[in-house]
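Okay, structure first, notes after.
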Amino acid sequence: MNLSSNDIQLLSYLKDFLNNGYDIEQALNICNEVVNDKRVDEILKLLDNGLSIDEAIRNCGFQKMWVSSFNFFYQTNSIASAIDKSLKQMILIEDSKKKIKEKLWYPLLLITLVLLFSIYIRSYLLPIINNMIIDFDIDNSLLIKLLLSFIKLIPIIIYTSTIILFIIIYIAYLIIMKKNYKLAVKLTTFEWFSSILKDFYSYKFCLFFNEFINLKYDINSILEYFISQNFDYDIKNIATEYVLYLKKGEDFNTVTNRMHYFSDYFKNILILSFNNNFKNNWLEMYLDQTMQLINKKIVKSSQYFIVGSYMITGLFIVIVYILLLLPLTQSIQTI
């Protein structure tokens, strides 16, 4: 589920009213007058029942990823600041997802058209070509046999590739949304898939890690907090692995190089920042660059599908043309 425009509007109003000096109940009551959203009443009821604001927000149907981000920022920020930072993060992610979708619709359309084209050729044109060969009493030469076999094989390749593509999408869903870490570790051995997966985990860890570094927390305190929290199990899992190796006596740089969840680029940035006592802005620079890098990788991968679709379509047309032409030329030669 995406962060909707209603979510963004409600949270933005709440943040603004809090920044203007209203307490949480006053801000929510004003939001109730400005925004027609039943969750405002739900939050107020939960607050009346003794729940804290983060607990109330967690139980009111907001997007899970945003709630996780808000809870993290709320540990070290005011309510307004936590809403602001988590909103900015989610808007950045939503914008990136929108750009990716805009770039992917064309290759997906091409794949669909090629799939339909292959079904048309196999179901309609191929029987016509076979009938022509029989009607013209054409010798079933090795070339014709090869071309016919090839035109039968291409749809199978397309069907298989499409199934594999959907399996990859489903696996990505399992890893990112269902937190299947065993599967994530296995897939880090596959170059293309692991590249995007590692960028995702690197970005997420860097986002929260950098927040605590800016607040002058030491590394051990940050990792212990990451382990103790129950809002984000991606971060919890990575921190647990960090602490495990640190307790064995390995230094921070060595453990960082061990982390199979991180991209090589992020490992280098993290090590350089650590060696410089985090006095530079390299972590923030990494955050600014990463979403663009993920977009570029996905777009670059989609271009392979575009080229492949053109090649398969062209190959289909050439083979069908040859198969239609051969019976005609051979029949002319026999006259």
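Aromatic ring centres of Y261 and F205 lie farther apart than the 6.0 Å criterion allows. If you look at F226 and F208, their ring centroids are not closer than 6.0 Å. A ring-centre distance under 6.0 Å is found for Y265 and Y286.
Atom OH of Y22 is surrounded by 12 or fewer heavy atoms from other residues, nucleotides or ligands within 6.0 Å.
A donor-acceptor pair is defined here as one N or O able to donate and one able to accept, closer than 3.5 Å; such a pair exists between the side chain of N29 and the backbone of E25. Distance alone, capped at 3.5 Å, is enough to place a donor-acceptor pair between the S86 side chain and the I83 backbone. With hydrogens and angles ignored, the 3.5 Å screen pairs a side-chain donor or acceptor of D37 with a backbone N or O of R39.
Salt bridge annotation for R58-D54: present, with a cationic side-chain nitrogen under 4.0 angstrom from a carboxylate oxygen.
Between W282 and M285, the closest side-chain pair of non-hydrogen atoms falls below 4.5 Å.
In this model, a donor atom of one side chain and an acceptor atom of the other lie less than 3.5 Å apart for T256 and Y242.
Residues L272 and L207 fall within the same hydrophobic cluster, defined by Ile, Leu, Val, Met, Phe, Trp and Tyr side chains chained together at heavy-atom separations under 4.5 Å. Hydrophobic cluster membership differs between I238 and I271, with clusters built from Ile, Leu, Val, Met, Phe, Trp and Tyr side chains linked at under 4.5 angstrom.
Closest approach of F209 and F252 over heavy atoms only: CZ-CZ, 4.5 Å. Taking every heavy atom of both residues into account, L223 and V243 meet most closely at CB-CG2, 3.8 Å. The heavy-atom pair separating S202 from F262 by the smallest distance is OG-CA, 3.2 Å. The shortest non-hydrogen separation linking A56 to L51 is N-CD2, 4.3 Å.
K88 is linked by a salt bridge (charged side-chain N to carboxylate O under 4.0 Å, His left out) to D84, counting only residues two or more places apart in sequence or in another chain.
Ring pair F62/W66 is tilted by interplanar angle, where 30° to 60° counts as tilted.
A distance of 5.5 Å separates CD1 of I219 from CD1 of I213, quoted to the nearest 0.5 Å.
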